[in-house]
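Structure first, then comments.
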2 protein chains.
Amino acid sequence: MTKAIRLKDVAEAAGVSQGTASNVFNRPELVREEVREKVREAARALGYGGPSPQGRLLRTGKVNAIGFAADQPLPYLFSDPWARRLLTEVADVCDARGAGLALVSVTEEHPTGWTIESALVDGFLLSGGGRQFLVEMTQRRGLPFVSLSLDAYDSEVPAICVDDFGGAYAAAQHLLELGHRRFAVLGFALGEGPGRVTPDEVRAARSMNVRKRARGYWAALAEAGLPETAVPVHAISRDGANIGEALALLFADREAAPTGLLAMSDRIALAAIAWLTGQGLRVPQDVSIIGFDGVLEAARSPLPLTSMEQPFREIAERAVAAILDDAMPRGQELLPLQLVVRGSTGPAPV
Amino acid sequence: MTKAIRLKDVAEAAGVSQGTASNVFNRPELVREEVREKVREAARALGYGGPSPQGRLLRTGKVNAIGFAADQPLPYLFSDPWARRLLTEVADVCDARGAGLALVSVTEEHPTGWTIESALVDGFLLSGGGRQFLVEMTQRRGLPFVSLSLDAYDSEVPAICVDDFGGAYAAAQHLLELGHRRFAVLGFALGEGPGRVTPDEVRAARSMNVRKRARGYWAALAEAGLPETAVPVHAISRDGANIGEALALLFADREAAPTGLLAMSDRIALAAIAWLTGQGLRVPQDVSIIGFDGVLEAARSPLPLTSMEQPFREIAERAVAAILDDAMPRGQELLPLQLVVRGSTGPAPV
DNA sequence: CCTGCCGCTTGAACCGATTCAAAAAAGATC
DNA sequence: GATCTTTTTTGAATCGGTTCAAGCGGCAGG
C-alpha cells in the first residue's frame with residue numbers, strides 16, 4: 001500500500017484515455033471488447049481494485065446510503081425492542097436494494113465527529129422523537145429526512161408514522177368488546193417518575209405519539225360512557241422498570257382495580273404481566289392487558305401478548321424509498337396498525 | 001433546494017478567497033476575527049450549512065467511519081446474540097470517538113450495490129467468519145480490515161479474537177473441579193444436521209474458532225484421563241433449534257448420560273437448558289452446563305448461565321483502533337476469556 | 001528611510017473519478 | 001473511391017472542498 005493506484009494510472013498503462021477506462025468499469029458495453037480486456041489486464045497488473053467510491057461520489061453526488069439517526073447513544077438502538085425491530089427492517093430493506101446503512105447518534109453533548117453534519121449519506125431517518133434539535137440539525141444539513149416518530153407537533157416535518165389514534169382506539173375497543181368496564185392506561189414519556197397523571201398533563205406531553213394514543217383510548221372509552229376522569233393514566237418509564245409502583249397503587253383495592261390495562265408499548269405491557277403474575281394475579285383471567293407496537297418479544301413471551309402491531313416492514317420500505325427514490329411524503333403519512341389477539345386478553349371477569 | 005450553495009459562493013459573497021473561507025470553517029484561528037465574522041455572516045445569509053463532507057473527503061481521504069461486514073443478511077446482526085453484542089460495543093466505541101459506523105452485508109448472491117467494494121469507510125471489521133470470499137473481497141478493495149472470527153486457518157489475515165483454546169480449557173477445567181466425569185460437547189458449524197461427529201470431523205471443521213474450542217475441551221479432559229473418544233461431540237445448528245434431537249440421544253440412557261455439558265455458545269447452552277428442564281431434568285442438580293460467549297441473554301435468563309465471557313468491549317476497542325488509528329495487529333491477536341460462574345453449574349451428582 | 005519579520009490572505013494545484021460534446025475510426029452503401 | 005452512418009474513443013470540464021507556497025501590508029528595530 002505504498003501509493004494508491006488511480007484510474008488515470010490504469011488508463012495510461014493500458015494506453016487509453018481516462019474516459020475510456022472509466023467506461024470499462026461503469027458501462028463496459030460502450031467499449032470494444034479488445035480494449036476492454038486490455039484495460040482490465042492493466043488494472044489487474046497494477047492491482048487496481050476498481051474505481052474508488054470517493055471519486056465517484058464527488059461527481060455523481062449519490063452516496064447510495066441512508067443514515068439512521070437517534071437522539072440516544074447508539075447502543076440504545078440495539079437494546080430497545082421497538083428501535084431494534086425498526087432498525088432491523090430498515091437494514092433489510094436497504095440490503096435488498098443494495099443501499100448502505102449508517103448509524104448516527106446525535107446527543108446534545110458531543111455534537112462533534114461523525115454526526116448529522118458529516119455523515120456520508122443521502123438522507124436521514126430520524127428515530128426516537130423528532131426532537132427539536134435533531135430536526136433542526138438535519139434541516140441545516142440540507143439533506144432529505146423523514147421522522148419516524150413525533151415529538152412536538154409540527155406538520156411541516158415530513159414523517160412516516162403509525163396511526164396512533166386509530167390504533168389506541170382499536171385497542172380500547174377490543175377490551176370493551178370483551179366486556180371490560182374498569183380500565184387504566186400505562187403510558188410513557190409523561191414526565192417525571194411514576195405516578196398518576198391528569199388528562200391535562202397527558203395533553204401537554206411532548207411526545208405527539210403518546211398524546212394521540214391517549215386520545216384514542218379516551219375516544220373509544222367515552223363512546224362506551226366512560227369519561228377521561230374514570231380512566232387513570234399512569235406514567236411509566238420507557239423500559240418499564242418502575243411498573244411495580246404504578247400497579248401497586250392501581251391494585252391496592254382489588255375490588256376497584258381495573259380489569260383492562262391499556263399499555264402504550266409492549267415493553268411496558270410485558271413488564272406489567274411479569275409484575276401481575278408475580279403478585280398472584282392471573283392474566284387474562286383476572287386482568288386483560290393489551291400492548292402497543294407488536295415487537296418480536298411480544299409474540300415470544302411465555303404468555304404471548306395481545307398487541308396493536310405496527311407495520312414495521314412497510315414503514316421501513318416507505319421511509320427508505322422516501323430518501324432514496326426522492327418520494328418524500330407530503331407532511332405526515334399515517335399507516336394503520338393491526339390488532340393481533342394473543343393470550344393476554346380475555347373476557348372480563350364476572 | 002433549487003441549487004446547492006458551495007463554499008465558493010460563500011467566499012464570493014463575503015469577498016474573500018475560497019481558501020480563506022475554507023479556513024473559517026476548519027481552522028478559524030488562522031483567520032482575523034473581522035473576516036471570520038464576515039464569512040460566517042455570508043454563509044448564514046446564503047443558508048450554507050458548512051463544507052460538504054464529500055468534498056472534504058476527496059481531499060483528505062479520511063471518511064472517519066468503519067464498516068461492519070457480515071456474510072449474512074443484515075438482520076442477522078440484530079438477531080444473533082453474539083453478533084448483536086459485539087456490534088453494540090463497536091457502535092458504542094465508534095460513537096465515543098465520533099466515528100461513523102456503516103453496516104455491510106456481503107452474500108455471494110448479490111455482490112452489487114453497497115458492498116465492500118463501494119462502502120464509504122476507512123476500513124472493515126469482518127464478523128461471521130473470515131469466510132474466504134469476504135476476506136478476498138476486502139483485500140481487493142485495499143482498505144485495512146480486521147477479522148473478528150476465524151474461518152479457514154490463515155495466520156496472514158489480521159484478526160482480533162478470543163483465546164478459544166484457553167477459554168474452552170478453562171470451561172472444562174471448571175466442570176472437572178466440580179467433580180464431573182461424564183461429558184458431552186455441543187458444538188456448531190460442524191456440518192450437516194444434528195448428530196454425533198467424530199474427532200476427525202471436528203478437526204476438519206471450517207471454523208477455526210470451533211476447532212480451537214474443541215481442542216481446548218479435549219486438552220483439559222485428557223489431563224483428567226478422559227480421551228477424546230470418551231467425549232461425544234454433537235453438531236447443533238447455530239440457533240440451537242435442533243438441540244432436542246442431540247440431547248434425546250445423549251440422555252436416552254440416563255445412567256450413562258453426561259453430567260457436564262460443554263456448549264460452544266451461550267445460545268446453544270440456553271436452548272439445552274430449556275430442553276432439559278422441559279424433560280424434568282434439573283440444572284444444575286442433575287446436569288451442569290457451561291456456555292461460551294457471555295452474551296447478555298445468559299445473565300438475564302431465568303436460570304443464569306455459567307459461561308466463558310468474551311471481552312466484547314476490549315475487542316471492539318482494539319478493532320476500531322486498528323482501523324482508525326492504523327494500529328493493525330500483527331497476525332492474530334488473542335484476548336483472554338473470563339469464567340463467570342452463575343447458576344447453571346454445580347457439583348456433580350453423587 | 002530601509003530592512004526584516006510576522007500574521008493574514010490569496011491563488012492555484014490537487015484529490016479521483018464521471019460525463020458529454022466532438023473527433024476519429026470503422027463499416028455500409030452506391 | 002467517395003459519402004454517409006454508426007460505433008468507439010478522446011479531451012476537457014466538473015464535482016466541492018483542502019492545502020500550501022508565495023504575496024502582501026503593517027510594524028518594530030536600526
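What's counted below: heavy atoms across the whole structure, side chains too, no hydrogens, waters or symmetry copies. Sequence lines set the chain letters: A, B, ... in the order given, protein chains first and strands last, and positions in each chain run from 1.
If you check every strand for non-hydrogen atoms under 4.0 Å, B:Tyr48 touches sugar and phosphate atoms only. Across all strands, B:Arg27 comes closer than 4.0 Å only to sugar-phosphate atoms, never to a base (heavy-atom distances). Residue A:Ser52 is classed as a sugar-phosphate contact, given heavy-atom separations below 4.0 Å to backbone atoms only.
For the pair B:Gln54 CD and D:dT18 P, the interatomic distance rounds to 12 Å; values are reported in whole Å. Across the protein-nucleic acid pair, B:Lys8 atom NZ and C:dA12 atom C1' stand 13 Å apart, rounded to whole Å. For the pair A:Leu57 CG and C:dT19 C1', the computed distance is 16 Å after rounding to whole Å. Between B:Lys38 atom NZ and C:dC8 atom C1' the separation is 12 Å, expressed in whole Å. To the nearest angstrom, C1' of C:dA13 lies 13 Å from CG of B:Leu58. Atom pair A:Lys62:NZ and C:dT19:C1' shows a separation of 18 Å (rounding to whole Å applied). Across the protein-nucleic acid pair, B:Phe25 atom CZ and D:dT18 atom P stand 9 Å apart, rounded to whole Å. Atom-to-atom, CZ of A:Arg59 to P of C:dC14 comes out at 20 Å; the value is rounded to the nearest Å.
Across the interface with DNA chain C, nearest-nucleotide mapping of B:Glu29 and B:Gly55 shows B:Glu29 to be the residue nearer the 5′ end. Across the interface with DNA chain C, nearest-nucleotide mapping of B:Arg36 and A:Thr20 shows B:Arg36 to be the residue nearer the 5′ end.
No N or O donor and acceptor, one from the side chain of B:Arg56 and one from the base of D:dT18, sit under 3.5 Å apart. With hydrogens and angles ignored, no donor-acceptor pair closer than 3.5 Å exists between the side chain of A:Gln18 and the base of C:dG16.
At D:dT9, none of the side-chain N or O atoms of A:Asn23 fall inside 4.0 Å of OP1 or OP2 (strictly under the cut-off). Contact check, A:Ser22 against C:dT18: a side-chain N or O comes under 4.0 Å of OP1 or OP2. At the phosphate of D:dT7, neither OP1 nor OP2 sits under 4.0 Å from any side-chain N or O atom of A:Arg32.
A salt bridge is absent between A:Glu34 and A:Lys38: the closest approach of a Lys/Arg side-chain nitrogen to an acidic carboxylate oxygen does not fall below 4.0 angstrom.
Proximity of B:Leu77 to B:Arg84: side-chain heavy atoms (C-beta onward) are nowhere separated by under 4.5 Å. The shortest distance between side-chain heavy atoms of A:Leu126 and A:Val146 does not fall below 4.5 Å. Proximity of B:Pro329 to B:Arg318: side-chain heavy atoms (C-beta onward) are separated by under 4.5 Å at one or more points.
The distance from atom CE of B:Met137 to atom CD1 of B:Ile116, rounded to the nearest 0.5 Å, is 6.0 Å.
For B:Val31, whose side chain is taken as the heavy atoms from C-beta onward, the closest listed nucleotide among C:dT18, D:dG16, C:dT9 is C:dT9.
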